[in-house]
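Chain naming here is simple, since letters A, B, ... match the order of the sequence lines and numbering starts at 1 in each.
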Number of protein chains: 2
Amino acid sequence: MSFDLTDFLPYLLNQAAEAASLEFQREYKARYGMLRTEWRVLFHLGRYGEMSARDIVERAMIHKTKVSRAVAALEGRRFLTRREVEEDRRREVLSLTAQGRDAFTELTALAEAHDATLLRGVPEADAEVVRQVLRQIAGL
Amino acid sequence: MSFDLTDFLPYLLNQAAEAASLEFQREYKARYGMLRTEWRVLFHLGRYGEMSARDIVERAMIHKTKVSRAVAALEGRRFLTRREVEEDRRREVLSLTAQGRDAFTELTALAEAHDATLLRGVPEADAEVVRQVLRQIAGL
DNA sequence: TGATAATAGTTGAAAATGTAACTAACAAGA
DNA sequence: TCTTGTTAGTTACATTTTCAACTATTATCA
């Protein structure tokens, strides 16, 4: 039989994703009491600027109920604020507070360092191949 | 700012893992009403032969409570059976039923096909680089 | 205009997961 | 033997996630 579990891409991706998130998760959990979805929402706002919950849903491919709850939690802890949009009163534009930006800055620095650790010993050319293939799979 | 979200490995891994699992998950869910952990337990038994829950915990790095519940579910749906071990009555050896083996065979074929789809257009050398790096990150 | 559909976001209940505590069996040393 | 510790596996409870309504607003089109 030729097919090993560690050849199976969804499995391998899941294991790698879990391992990669684990250490970093401890950071944002311990420092800011954040959940993973909250960190991802924060990251999107920090990296790409203010946007609506719907934009985050689309870009991050996170379900809208998760985003809704993450936004509520981040708002409660004063990491972001909502602003009504006049031309469409269903929507609310989200933006980070100063505190949210600080958290973003600190966590991003940690994330970059963490990335380097994960790819220790991997030639940059190979790392780029990995990113490329992952983007394809993720549909990005 | 130099750091793009799609360069950030844990993020990229998560997105790819989620996208990769999605379609396949629909298969085992729709056909067999299986959860992800259940499919993974089934896979281990189908691929590597009978073993105890503890062995699966170690090999698959799934938490023992998840394995315990998956085993109970698979047993309830007659995909596997337990057998007591005389020399250590704490342990139970698990093995697939004929029905379990059928499911394994069918799902494995689907898994292989799914893998090929995910890697469409990716040279085999690159695919191997990806698997290698993912194994490193996952600690496999 | 008015009816129907679509969209943004929220909420409640059900399902799944994680954590810790638990039972039962074995192990090892005084 | 008796105590203490370890291991296999299960269960209970709290937290998260998922799924299916639901509200409120905007869009479409006869």
> Considering heavy-atom distances to DNA chain C, does B:Arg90 or A:Ser52 have its closest nucleotide positioned more toward the 5' end?
Replying inline: A:Ser52

>> For A:Arg131, is there an ion pair with A:Glu128 - N to carboxylate O distance below 4.0 angstrom?
In response: yes

> When the distance from CG of B:Asp55 to P of D:dT7 is rounded to whole Å, what number comes out?
Replying inline: 14 Å

> Between A:Glu38 and A:Arg69, is the closest basic N to carboxylate O distance under 4.0 Å?
Replying inline: no

>> So, OP1 or OP2 of D:dG9: does either fall under 4.0 Å of a side-chain N or O from B:Ser68?
In response: no

>> Tell me whether B:Arg135 is salt-bridged to A:Asp7, with the criterion being a basic N under 4.0 Å from an acidic carboxylate O.
In response: yes

>> Between C1' on C:dA16 and CE on B:Met34, what's the gap in Å once rounded to a whole number?
In response: 17 Å

> Going through the checks in order, is the salt bridge (charged side-chain N to carboxylate O under 4.0 Å, His left out) test met by B:Arg91 and B:Glu84?
Replying inline: CA-CA 7 Å; B:Arg91 294 199 301 136; B:Glu84 280 206 354; over 6 Å; no

> What is the distance, rounded to the nearest whole Å, between atom CG of B:Asn14 and atom C1' of D:dT17?
Replying inline: 15 Å

>> Can you measure A:Leu94 atom CG to C:dG9 atom C1' for me and round it to whole angstrom units?
In response: 11 Å

>> Could you tell me how far apart B:Glu38 (CD) and C:dA15 (P) are, to the nearest whole angstrom?
In response: 14 Å

>> Please classify the nucleic acid contact of A:Arg36 as base, sugar-phosphate, or nothing, using heavy-atom distances under 4.0 Å.
In response: nothing

> Heavy atoms, side chains only, cut-off 4.5 Å: are B:Asp126 and A:Gln132 in contact?
Replying inline: no

> Looking at C:dA25, D:dT17, C:dG9, which one has an atom nearest to any side-chain atom of A:Thr37?
Replying inline: D:dT17

>> Can you measure A:Glu87 atom CD to C:dT7 atom P for me and round it to whole angstrom units?
In response: 18 Å

> To the nearest Å, how far apart are A:Ile62 CD1 and C:dG9 C1'?
Replying inline: 15 Å

> Quick one: are the ring centres of B:Phe24 and B:Trp39 less than 6.0 Å apart?
Replying inline: yes

For nucleotides 18-20 of chain D, which of its nitrogen or oxygen atoms have a protein nitrogen or oxygen under 3.5 Å away, and what is each distance?
from	atom 1	to	atom 2	distance (Å)
D:dT18	OP2	A:Lys66	NZ	3.4
D:dT18	O4	A:Arg69	NH1	2.8

> If you measure from the Lys or Arg side-chain nitrogens to the Asp or Glu carboxylate oxygens, is any gap between A:Glu50 and A:Arg83 under 4.0 Å?
Replying inline: yes

> If you pin A:Asp88 and B:Val71 to their nearest nucleotides in DNA chain D, which one's is more 5'?
Replying inline: B:Val71

>> Does A:Arg89 contact D:dT25 through a side-chain donor or acceptor facing the base, at a distance under 3.5 Å?
In response: no

> Roughly, in whole Å, what's the span from CG in A:Leu74 to C1' in C:dG9?
Replying inline: 16 Å

